[in-house]
Amino acid sequence: MDKRRLRTALGRFATGVTIVSCVDEGGRWVGLTVSSFSSLSLEPPLVLWSLRQESPNLAAFEAAPRFAVNVLAEAQIGLSRRFASSHDHRFGEGEWALGAHGQPVLKDAVAVFECETVTRQDAGDHRLYIGRVLAFAEHAHAPLLYRSGHYHSLGETL
Ligand SMILES: Cc1cc2nc3c(=O)[nH]c(=O)nc-3n(C[C@H](O)[C@H](O)[C@H](O)COP(=O)(O)O)c2cc1C
């Protein structure tokens with residue numbers, strides 16, 4: 001299979017953009033930009049996302065009992081870039097605070113889901129996390145979108 005073409009084809013699927021966060025065993029805040037987030041079940045309320053196996057943050061998400069998914073607004077494009085880079089102080093930008101379940105949550109995000117990790121599973125070169133939603137919040141801000149390696153804003157309602 002031509003991996004480059006597969007990557008291109010997969011990239012045609014437009015997604016939202018999130019920052020998934022947790023607190024590691026030493027109390028350090030951890031987070032990265034993630035577009036693999038998806039809703040999975042309403043009853044019980046489950047969501048999923050995946051992390052590349054080589055991520056230096058894998059150990060933190062393996063040990064953490066909970067994580068938060070922060071769905072980014074268009075105006076938060078800078079945070080998406082920051083949390084996808086090798087920046088040392090990722091949480092230095094944006095209004096971050098600990099949520100009701102102890103995870104770093106972003107003020108003014110389109111939505112925030114604080115989750116308890118219920119499943120961790122290897123999935124090829126990624127690790128799949130399924131979380132049960134413990135608490136959530138949402139705002140009607142314009143969402144940030146991602147497709148074919150570029151950021152986009154929402155178009156017209158069809
Ligand atoms: C729009 C976008 C979506 C991304 N989605 C994911 C994802 O779903 N899973 C993942 O492991 N990395 C994803 N990444 C890459 C990580 O954000 C990037 O590798 C980051 O540096 C990871 O942080 P770490 O190296 O500290 O783990 C995405 C990057 C961007 C720009």
Notebook entry, point to check: Linking I/L/V/M/F/W/Y whenever any side-chain heavy atoms sit under 4.5 Å apart, do Trp29 and Leu106 land together?
Noted result: yes

Acceptor/donor pairs from residues 71-92 side chains to any protein atom, 3.5 angstrom cut, sequence neighbours excluded:
{"unit_1": "Gln76", "atom_1": "OE1", "unit_2": "Ala73", "atom_2": "N", "d": "2.7"}
{"unit_1": "Gln76", "atom_1": "NE2", "unit_2": "Asp108", "atom_2": "O", "d": "3.1"}
{"unit_1": "Ser80", "atom_1": "OG", "unit_2": "Tyr151", "atom_2": "OH", "d": "2.7"}
{"unit_1": "Arg82", "atom_1": "NE", "unit_2": "His89", "atom_2": "O", "d": "3.3"}
{"unit_1": "Arg82", "atom_1": "NE", "unit_2": "Arg90", "atom_2": "O", "d": "2.9"}
{"unit_1": "Arg82", "atom_1": "NH1", "unit_2": "Glu93", "atom_2": "OE1", "d": "3.3"}
{"unit_1": "Arg82", "atom_1": "NH2", "unit_2": "His89", "atom_2": "O", "d": "2.6"}
{"unit_1": "Ser85", "atom_1": "OG", "unit_2": "Arg82", "atom_2": "O", "d": "2.7"}
{"unit_1": "Ser85", "atom_1": "OG", "unit_2": "His87", "atom_2": "N", "d": "3.2"}
{"unit_1": "His87", "atom_1": "ND1", "unit_2": "His89", "atom_2": "N", "d": "3.1"}
{"unit_1": "Arg90", "atom_1": "NE", "unit_2": "Ser85", "atom_2": "O", "d": "3.4"}
{"unit_1": "Arg90", "atom_1": "NH1", "unit_2": "Gly31", "atom_2": "O", "d": "2.7"}
{"unit_1": "Arg90", "atom_1": "NH2", "unit_2": "Ser85", "atom_2": "O", "d": "2.6"}

Note to self: Are the side chains of Phe61 and Val30 in contact, using a 4.5 Å heavy-atom criterion?
What the structure shows: yes

Notebook entry, point to check: Would a hydrophobic clustering, with Ile, Leu, Val, Met, Phe, Trp and Tyr connected at side-chain separations under 4.5 Å, put Met1 with Leu10?
Noted result: yes

Check: Heavy atoms, side chains only, cut-off 4.5 Å: are Leu40 and Val47 in contact?
Finding: no

Checklist line | Student check: side-chain heavy atoms of Val105 and Asn70 closer than 4.5 Å | finding: yes

Check: CG of Leu145 to OG of Ser35: how many Å apart, nearest 0.5 Å?
Finding: 11.5 Å

Checklist line | Exceeds 12 heavy-atom contacts within 6.0 angstrom, atom CZ of Arg120 | finding: yes

Check: Stepwise, does the side-chain contact (heavy atoms from CB on, under 4.5 Å) test hold for Leu46 with Val118?
Finding: CA-CA 9 Å; Leu46 301 175; Val118 292; 4.2 Å; yes

Next item on the list: Is it possible for you to say whether Val20 and Val23 belong to one hydrophobic cluster, with membership spreading through side-chain heavy-atom contacts below 4.5 Å?
Entry: no

Notebook entry, point to check: So do the side chains of His150 and His152 get within less than 4.5 Å of each other, counting heavy atoms only?
Noted result: yes

Next item on the list: First locate atom NE2 of His126, then atom CG of Leu58, and finally report the distance between them rounded to the nearest 0.5 Å.
Entry: 10.5 Å

Notebook entry, point to check: Do Leu144 and Val17 come within less than 4.5 Å of each other through their side chains, counting heavy atoms only?
Noted result: yes

Next item on the list: Using modelled atom types only, decide if a donor and an acceptor are shared between the side chain of Glu114 and the backbone of His101 within a distance under 3.5 Å.
Entry: yes

Margin query: Let me confirm one number: the OG-CZ distance from Ser148 to Arg12, rounded to the nearest 0.5 Å.
Written below: 4.5 Å

Notebook entry, point to check: In terms of the angle between their ring planes, are His141 and His139 parallel, tilted or perpendicular, with boundaries placed at 30° and 60°?
Noted result: parallel

Check: Going by the side-chain hydrogen bond (donor to acceptor under 3.5 Å, both in side chains) test, which pairs reach into residues 51-65, not counting sequence neighbours?
Finding: Gln53-Asp122, Glu62-Arg127, Glu62-Tyr129

Note to self: Donor-acceptor check, side chain of Ser36 to backbone of Ser50, threshold 3.5 angstrom: yes or no?
What the structure shows: yes

Check: Take atom CG in Leu42; do more than 12 heavy atoms of anything else shown fall under 6.0 Å from it?
Finding: no

Notebook entry, point to check: Among the clusters formed by ILVMFWY side chains lying less than 4.5 Å apart, do Phe37 and Val112 turn up in the same one?
Noted result: no

Next item on the list: Indicate the atoms forming the closest heavy-atom contact of Ser21 with Pro104, along with that distance.
Entry: OG-O, 2.7 Å

Note to self: Please find the pair of heavy atoms, one from Pro44 and one from Arg132, that lie closest to each other, and give the distance.
What the structure shows: CB-NH1, 3.4 Å

Check: With side chains defined as the heavy atoms from C-beta onward, is the minimum distance between Phe67 and Val69 less than 4.5 Å?
Finding: yes

Margin query: Let me confirm one number: the CG-CD distance from Leu134 to Gln103, rounded to the nearest 0.5 Å.
Written below: 9.0 Å

Next item on the list: State, yes or no, whether a side-chain contact exists between Trp49 and Leu128 at a heavy-atom distance under 4.5 Å.
Entry: no

